[in-house]
Visitor: 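My questions all concern the structure below.
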2 protein chains.
Amino acid sequence: MSNHVPNTTVQRLPVYLRCLVQEQSLRVPVANSVRIAEMAGTNAAQVRKDLSYLGEYGIRGIGYDVDGLVRHLTRWLGLEHVRKAAIVGYGRLGSALLGYGGFQDRGFSLAAVFDTDPEKIGTAAGSGLVVEPLADFAAAVERDALEIVVLTVPASVAQAVTDTVVAAGIKAILNFAPTKLLVPADVAVRQADVAAELQILSFHLSSGGE
Amino acid sequence: MSNHVPNTTVQRLPVYLRCLVQEQSLRVPVANSVRIAEMAGTNAAQVRKDLSYLGEYGIRGIGYDVDGLVRHLTRWLGLEHVRKAAIVGYGRLGSALLGYGGFQDRGFSLAAVFDTDPEKIGTAAGSGLVVEPLADFAAAVERDALEIVVLTVPASVAQAVTDTVVAAGIKAILNFAPTKLLVPADVAVRQADVAAELQILSFHLSSGGE
DNA sequence: TGATGTGAAATGATTCACAGCA
DNA sequence: TGCTGTGAATCATTTCACATCA
């Protein structure tokens, strides 16, 4: 057991979990590192090293017990209980994410939606949710035990909205706005900039595909 | 001038470009590595090293000419001409991305939309586009000079759809489906798995925020 | 003078190769 | 036997520190 898992490893854990859950649904009882690697798109040594940071969960000569490893990964990722997330910014992307049914399966529930536009506040947002004013955010964090904010507001207001949700005690933000957020050191931010991803692809197109 | 730019550097180039375009809009003529670093959320040595892989674009004692560097980054990212992308999968996420106006500014035009659902084919999809059958994809690649596919289909059909678009000559795919895509070595794929991002945030929440 | 550009050093990640164990 | 777990080696990236030059 170790107390430091490298960042690169952390980013692969959700992939491993997804692959193992798939094996589980196929009733495969055991998976070895070669199998996990080919499903996850990496190599066997990487899989073994990554998993060894978490503990000794494999069986020599056999592989990894799928159910057991799913349980361990779920625990390491903090997904034993469903985490509540809030959509902040009820635009097209916010409503698309709300409508996407794939989060429940993977440990998350979108439990509230916020906006500042008076036109939007009070409207029904699917899943029985109603768009609430951002001014009520802090109260809602208490009420719904919100832990994660999915930020789908325009870049121009992203920092101000971030300051509001951080003041309300939020420690994890998935930011779809194309802007760097300044947050205290104990707040985790992941950037999800779709246009930047396209630009990276464009680079690869330009450099002859190698 | 170099002929190999590290992957980690490539991933930061869009961030630098975004920051410099912002400086441009503020009529700032010159930016030094310290300034770029604080906007981009990195450090000055990193900025200088990254930019030095592309060439010698700075002026010693002064910094980087903003307009000039914007031009160079645009060229390195292959963004001198607008790249045409297709949305494949006209569900909630596909339609949200189509409705998002922020791509044009950053070098992309969403030029076509495809689906296999007969209910959706033929319906208007905003921006004057009509949802086309995936069977017509290869013809549309020719017609519209499509270069990039944004894949917003369910995971269960993602590989089959990928095989179709790759057969039509597509070399760059942004995959929103939570599944590994098998593609030939000359096809670039970027993964955009929102639930995986949330799981990474969950890990950070669990490990006490350090 | 005050910045860049860059070798060299330090750090971090991946891969190798094999000991150790079911 | 056939796999995992893991030190050691390799490779990649980041950071340092300073020569260089407008």
Side-chain angles (χ1 to χ4, degrees), chain A residues 1-16 19-20 23 28-73 76 200 203 207 210, chain B residues 1-16 19-20 23 28-73 76 200 203 207 210:
Chain A
M1 192 172 335
S2 95
N3 45 10
H4 182 250
V5 183
N7 247 285
T8 45
T9 294
V10 173
Q11 295 180 24
R12 281 186 294 264
L13 297 182
V15 179
Y16 298 148
C19 297
L20 288 159
E23 289 293 67
V28 176
V30 170
N32 65 24
S33 59
V34 174
R35 174 72 185 134
I36 297 171
E38 77 187 16
M39 293 184 85
T42 178
N43 65 71
Q46 182 82 81
V47 170
R48 292 200 303 276
K49 184 66 97 176
D50 283 340
L51 295 178
S52 76
Y53 288 122
L54 311 183
E56 300 199 12
Y57 299 142
I59 309 157
R60 288 167 202 241
I62 305 289
Y64 299 88
D65 174 69
V66 171
D67 290 346
L69 191 49
V70 164
R71 266 196 308 280
H72 288 303
L73 284 173
W76 275 95
I200 294 167
F203 178 93
S207 36
E210 357 87 44
Chain B
M1 188 177 333
S2 97
N3 45 10
H4 182 249
V5 182
N7 247 286
T8 44
T9 294
V10 173
Q11 294 180 25
R12 282 185 293 265
L13 297 182
V15 179
Y16 298 149
C19 296
L20 287 159
E23 289 294 67
V28 176
V30 170
N32 65 26
S33 59
V34 174
R35 174 73 184 133
I36 297 171
E38 77 187 15
M39 293 184 85
T42 179
N43 65 71
Q46 182 84 83
V47 170
R48 291 201 303 276
K49 184 65 97 177
D50 284 340
L51 295 178
S52 76
Y53 288 121
L54 311 183
E56 300 199 10
Y57 299 142
I59 308 157
R60 287 164 201 243
I62 304 289
Y64 299 88
D65 174 68
V66 171
D67 290 345
L69 191 48
V70 164
R71 265 196 309 277
H72 288 303
L73 284 172
W76 274 95
I200 294 166
F203 178 94
S207 36
E210 356 87 45

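In the text below, chain A, chain B and the rest are named by the order of the sequence lines, each starting its count at 1. In what follows, every heavy atom counts, from backbone to side chain, and hydrogens, waters and symmetry copies are set aside.
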Visitor: Would you say the side chain of B:Ile200 lies within less than 4.5 Å of the side chain of A:Leu13, judging by non-hydrogen atoms?
Guide: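 In short, these two side chains do not touch, never coming nearer than 4.5 Å.
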
Visitor: For B:Tyr57 and A:Ala45, take the nucleotide of DNA chain C holding the closest heavy atom to each; which residue's nucleotide lies nearer the 5' end?
Guide: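 It is B:Tyr57, whose closest nucleotide lies nearer the 5' terminus.
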
Visitor: Quick check: do A:Leu51 and A:Tyr57 have side-chain heavy atoms less than 4.5 Å from each other?
Guide: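 Counting from C-beta outward, A:Leu51 and A:Tyr57 never come under 4.5 Å.
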
Visitor: Between B:Val15, B:Asp67, B:Asp65, B:Leu73, which is the residue that forms a side-chain contact (heavy atoms from CB on, under 4.5 Å) with B:Leu20?
Guide: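 Filter result, single survivor: B:Leu73.
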
Visitor: Could you pick out which residue, B:Asn7 or A:Lys49, lies toward the 5' side of DNA chain D when each is mapped onto its nearest nucleotide?
Guide: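 Per heavy-atom nearest nucleotide, the more 5' residue is A:Lys49.
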
Visitor: Hey, where on DNA chain D does chain B first and last touch, going 5' to 3'? Cut-off is any atom under 4.0 Å from a heavy atom.
Guide: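 The protein-touched segment is D:dT13 to D:dA22.
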
Visitor: Taking atom P of C:dG2 as reference, at what distance in whole Å does atom OH of B:Tyr64 sit?
Guide: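 So the two atoms are 18 Å apart, to the nearest Å.
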
Visitor: Let me know the distance between OH of A:Tyr53 and P of C:dG12, rounded to the nearest Å.
Guide: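 After rounding, the reported distance stands at 11 Å.
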
Visitor: If you take all heavy atoms of B:Ala44 and B:Ala37, which pair is closest and at what distance?
Guide: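 Between these two residues, the closest heavy atoms are N-CB, 3.5 Å.
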
Visitor: Let me check I have this right: for DNA chain D, each base becomes ., (, ), [, ] or |, based on Watson-Crick or G-U pairs with both distances under 3.5 Å. What is the full string?
Guide: ||||||||||||||||||||||

Visitor: Report yes if some heavy atom in the side chain of A:Thr8 is under 4.5 Å from a heavy atom in the side chain of A:Gln11; otherwise report no.
Guide: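 Heavy-atom side-chain distance check fails, nothing below 4.5 Å.
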
Visitor: Please check this pair: side chain of B:Thr9 against backbone of B:Val5, looking for a donor-acceptor N/O pair closer than 3.5 Å.
Guide: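 Side chain of B:Thr9 to backbone of B:Val5, a donor-acceptor pair under 3.5 Å: no, none is there.
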
Visitor: Checking all strands, does A:Arg12 fall into the base, sugar-phosphate, or nothing category for heavy-atom contacts under 4.0 angstrom?
Guide: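 Sugar-phosphate, backbone atoms only, no base.
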
Visitor: What heavy-atom pair brings A:Phe203 and B:Val10 nearest, and what distance separates the two atoms?
Guide: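 Taking every non-hydrogen atom into account, CE2-CG2, 3.6 Å.
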
Visitor: Please report the closest heavy-atom contact between A:Ser33 and A:Arg48, naming both atoms and the distance.
Guide: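 Residues A:Ser33 and A:Arg48, closest heavy atoms: OG-NH1, 3.3 Å.
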
Visitor: Taking only N/O atoms, report every protein-nucleotides 18-22 of chain C pair under 3.5 Å with atom names and distance.
Guide:
from   : atom 1 : to      : atom 2 : distance (Å)
C:dG20 : N3     : A:Arg60 : NH1    : 3.4

Visitor: Any side-chain N or O of A:Thr8 below 4.0 angstrom from OP1/OP2 of C:dT14?
Guide: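 Yes, because at least one side-chain N or O of A:Thr8 sits under 4.0 Å from OP1 or OP2 of C:dT14.
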
Visitor: Any side-chain N or O of A:Gln46 under 4.0 Å from OP1/OP2 of C:dT15?
Guide: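 For C:dT15, OP1/OP2 do have a side-chain N/O of A:Gln46 under 4.0 Å.
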
Visitor: Write down the atom of A:His4, the atom of A:Pro6, and the distance for their closest heavy-atom approach.
Guide: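 Nearest pair, atom of A:His4 first, then A:Pro6: O-CD, 3.9 Å.
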
Visitor: So do the side chains of A:Val47 and A:Tyr16 get within less than 4.5 Å of each other, counting heavy atoms only?
Guide: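 Result yes, sub-4.5 Å side-chain heavy-atom pair found.
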
Visitor: Could you tell me how far apart A:Asp50 (CG) and C:dT15 (C1') are, to the nearest whole angstrom?
Guide: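 Result: 12 Å.
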
Visitor: Could you check if a side-chain atom of A:Tyr64 sits within less than 4.5 angstrom of a side-chain atom of A:Asn32, using non-hydrogen atoms only?
Guide: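 Answer no - side chains too far apart.
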
Visitor: Would you classify A:Thr9 as touching base, sugar-phosphate or nothing, given that sugar-phosphate means primed atoms plus P, OP1 and OP2, and contacts are heavy atoms under 4.0 Å?
Guide: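 The answer is nothing, as A:Thr9 stays clear of every strand by at least 4.0 Å.
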
